[in-house]
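Here is the structure we will look at.
Throughout, protein chains are lettered first and strands after them, A, B, ... in sequence-line order, and every chain is numbered starting at 1.
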Amino acid sequence: MRAEQVRRKQPPGYDRRCRELSEEEHAQKEAEGLTPVVRFKIPLVGQTRFSDVVWGEVKFENNTLDDLVLLKSDGYPTYNLANIVDDHKMEISHVIRGEEFISTTPHHVLLYKALGYEPPQFAHLPRLMGTDRSKLSKRHGAVSIEEFHKQGYLPEAMLNFLALLGWSLDDKTELMTRQELIASFSLERVKKTPASFNREKLDWMNGVYIRSLDPEDFLQRSLPFLERDLPPEVVRPLPVDYIRQIMPLVHERAKTLADVPELTRFFFTVQLDYDTELLIAKGMTVESTHHALEVARQQLAELPAFDAESLEEMLRPLAVELELKTGQLFGALRTAITGQTAAPPLFQTMAVLGRETCLERIDRALDRL
RNA sequence: GGCGCAUUCGUCUAGCGGUUAGGACACCUCCCUCUCAAGGAGGAGAUCACCGGUUCGAAUCCGGUAUGCGCUACCA
């Protein structure tokens with residue numbers, strides 16, 4: 001019947017053919033072996049209205065409502081019936097659910113009344129959509145909260161971000177703690193328009209929350225990600241005391257906890273893999289780079305204390321001595337020592353890595369040139 | 001097809017009759033600076049989907065159009 005209606009471009013739905021069966025007709029159908037369902041006889045005229053915290057006063061014409069099934073042919077109640085009875089028995093005061101239920105709400109209201117129940121307060125929330133305005137689904141952008149956790153997002157950042165989907169406090173407040181959220185959230189300020197996920201903004205917000213973590217907390221939360229994502233050749237268990245020295249160097253550089261392994265990888269791997277070209281800073285040649293690294297290597301080997309401060313006190317004058325810009329000398333050293341052109345501050349990085357490792361890496365860079 | 005809802009900078013949004021249409025992300029410039037970040041200071045970016053109407057005055061109220069979305073099960 002349904003297919004037929006669609007084909008004829010008729011509104012699909014129950015045609016009420018059995019709404020007014022007589023006793024005889026009823027008996028006859030049963031004699032034919034038909035197992036009936038029980039439907040809700042919706043009033044044919046008038047309108048049903050209810051007030052929704054988000055939607056305001058909502059009004060539906062009764063003649064657009066169809067006679068929904070209350071009891072299935074197997075005798076079990078449908079969701080629509082069970083839902084109402086259950087909510088009533090549980091003394092539910094507020095029904096807060098997705099906007100897609102707004103259309104069936106008048107049926108529910110009518111049912112509450114038919115059963116002599118007092119309808120609860122309704123609040124229909126806007127749907128969440130993907131960045132491209134498409135519906136969020138498992139195969140399209142949407143991920144479970146566990147998935148976000150795996151991707152390195154902090155629970156407190158997620159809570160803050162999610163709260164802002166479909167709701168806002170005012171025209172400027174964005175960052176709110178859990179307590180502030182609890183204190184200021186209100187259904188009245190929830191909007192009807194579908195909210196959509198802005199991943200870039202989530203990344204930014206997560207970064208804000210990561211930076212607000214105290215060092216030890218950041219370390220503890222990062223550990224599982226390091227265990228999971230650092231290359232397999234890095235020996236486990238990971239040296240926590242060593243990591244404790246590394247973490248402050250990448251703390252403000254991580255947008256997610258999942259970034260941490262990538263940002264710190266060179267602290268753990270023995271073999272650095274990089275393009276030799278990267279050693280040669282702008283305005284320099286193979287020769288000048290080789291010379292600079294050689295002199296630096298020699299002085300580093302003799303430096304009394306290998307800490308960040310001493311390193312800086314030694315390397316800055318060296319740049320002048322070599323007639324190089326600091327960026328040129330430091331750039332060459334950075335690539336030699338980290339294998340990257342973008343990395344945490346050089347002196348602190350060197351201090352954490354230690355003299356032996358730094359010298360080895362410079363030697364290896366010299367071999368390449 | 002029917003019913004309902006929505007449409008404001010690139011993006012997420014504030015706004016509920018009178019605002020220079022506010023904020024955030026992203027972007028650009030400058031400062032800081034050994035790179036990258038972070039931080040600071042600026043900048044650009046919106047004829048408020050379109051067409052009418054009401055009003056002294058409309059992003060805000062009312063029609064219509066367009067587009068998008070939801071619902072339209074013997075599923076929950």
Side-chain angles (χ1 to χ4, degrees), chain A residues 2 5-14 35-39 52 54-56 58-66 68-83 97-107 124 126-127 129 131-135 161 164-175 189 191-205 207-208 210-211 249-255 259 263 278 281-282 311-312 315-316 319 324-335 337-338 340-350:
Chain A
R2 228 188 146 68
Q5 287 171 328
V6 173
R7 197 177 58 76
R8 295 206 323 258
K9 293 205 158 192
Q10 296 272 310
Y14 176 55
T35 47
V37 297
V38 176
R39 284 179 180 274
D52 185 286
V54 177
W55 287 52
V58 183
K59 187 174 72 181
F60 279 88
E61 293 296 329
N62 288 153
N63 60 22
T64 64
L65 273 28
D66 56 358
L68 45 78
V69 174
L70 260 23
L71 291 177
K72 298 186 266 185
S73 56
D74 62 6
Y76 279 92
T78 59
Y79 162 79
N80 291 306
L81 207 216
N83 166 258
R97 62 213 329 188
E99 170 223 57
E100 63 269 27
F101 283 93
I102 200 86
S103 299
T104 50
T105 304
H107 297 97
H124 288 89
R127 293 181 57 91
M129 297 167 69
T131 318
D132 55 0
R133 298 216 140 231
S134 68
K135 187 163 75 169
F161 185 76
L164 257 16
L165 289 176
W167 175 83
S168 61
L169 176 61
D170 54 31
D171 61 344
K172 48 196 60 165
T173 312
E174 306 252 22
L175 296 168
R189 280 194 62 85
K191 67 186 176 74
K192 281 192 277 187
T193 52
S196 70
F197 225 88
N198 186 173
R199 191 59 174 250
E200 286 181 333
K201 196 158 179 171
L202 205 213
D203 284 346
W204 162 75
M205 189 173 280
V208 172
I210 283 183
R211 274 172 251 130
L249 304 184
V250 297
H251 197 151
E252 67 182 21
R253 291 172 172 75
K255 277 190 161 41
D259 290 343
L263 289 168
L278 298 178
K282 199 161 61 177
L311 284 163
E312 182 159 11
L315 291 169
R316 280 192 189 281
L324 292 173
K325 285 189 235 173
T326 49
Q328 292 177 309
L329 175 62
F330 298 169
L333 282 168
R334 175 176 300 105
T335 303
I337 285 161
T338 68
Q340 303 165 185
T341 53
L346 185 61
F347 315 123
Q348 288 152 279
T349 298
M350 290 174 74

Evaluate whether the aromatic ring of Phe101(A) and the six-membered ring of the A76(B) base sit under 5.5 Å apart, centre to centre, with an inclination under 30°.
yes

Just checking Thr341(A): base, sugar-phosphate only, or nothing, at a heavy-atom cut-off of under 4.0 Å?
base

Which part of the nucleic acid, if any, lies within reach of Val69(A) when heavy atoms closer than 4.0 Å are counted: base, sugar-phosphate only, or nothing?
sugar-phosphate

Using a heavy-atom cut-off of 4.0 Å across all strands, would you classify Arg97(A) as base, sugar-phosphate, or nothing?
nothing

If you assign Trp167(A) and Glu99(A) each to the RNA chain B nucleotide with the nearest heavy atom, which residue ends up on the more 5' nucleotide?
Trp167(A)

Mind checking the P distance from G42(B) to A24(B)? Whole angstroms is fine.
12 Å

Rounded to whole Å, how long is the line connecting atom NZ of Lys201(A) with atom C1' of G23(B)?
8 Å

Both distances below 3.5 Å, Watson-Crick or wobble geometry, any strand: find the nucleotide opposite U47(B).
none

Residue pair Glu312(A)/Arg211(A) against RNA chain B: nearer the 5' end by closest nucleotide is Glu312(A)

Donor-acceptor pair present, Thr326(A) side chain and C34(B) base, under 3.5 Å
no

Would you verify whether the NZ or CZ of Lys192(A) falls within 45 degrees of the ring axis of Trp55(A) while also being under 6.0 Å from that six-membered ring's centre?
yes

Tell me which nucleotide among C74(B), C34(B), C36(B) gets nearest to the side chain of Ala342(A).
C36(B)

Looking just at side-chain N and O atoms, do Thr78(A) and Arg39(A) make a donor-acceptor pair shorter than 3.5 Å?
no

side-chain hydrogen bond (donor to acceptor under 3.5 Å, both in side chains), that's the test. Do Arg97(A) and His124(A) meet it? Break it down for me.
CA-CA 5 Å; Arg97(A) 62 213 329 188; His124(A) 288 89; 3.3 Å; yes

Sugar-phosphate only, base, or nothing, as touched by Lys191(A) at under 4.0 Å among non-hydrogen atoms
sugar-phosphate

State the pairing partner of A66(B); accept Watson-Crick or G-U wobble contacts with both distances under 3.5 Å, and report none otherwise.
U7(B)

Thr78(A) side-chain proximity, nearest of C25(B), C74(B), C5(B)
C74(B)

Return the nucleotide paired to U35(B): Watson-Crick means purine N1 to pyrimidine N3 with N6-O4 or O6-N4, wobble means G-U with N1-O2 and O6-N3, both under 3.5 Å.
none

Side chain of Asn198(A) (C-beta onward), nearest among C12(B), A38(B), G4(B):
C12(B)

Could you check whether Pro344(A) gets within reach of a base, just the sugar-phosphate, or nothing at all, counting any heavy atom under 4.0 Å?
base

Taking the P atom of each, how far is A14(B) from A49(B), in whole Å?
14 Å

Watson-Crick or G-U wobble mate for U60(B), both contacts under 3.5 Å
none

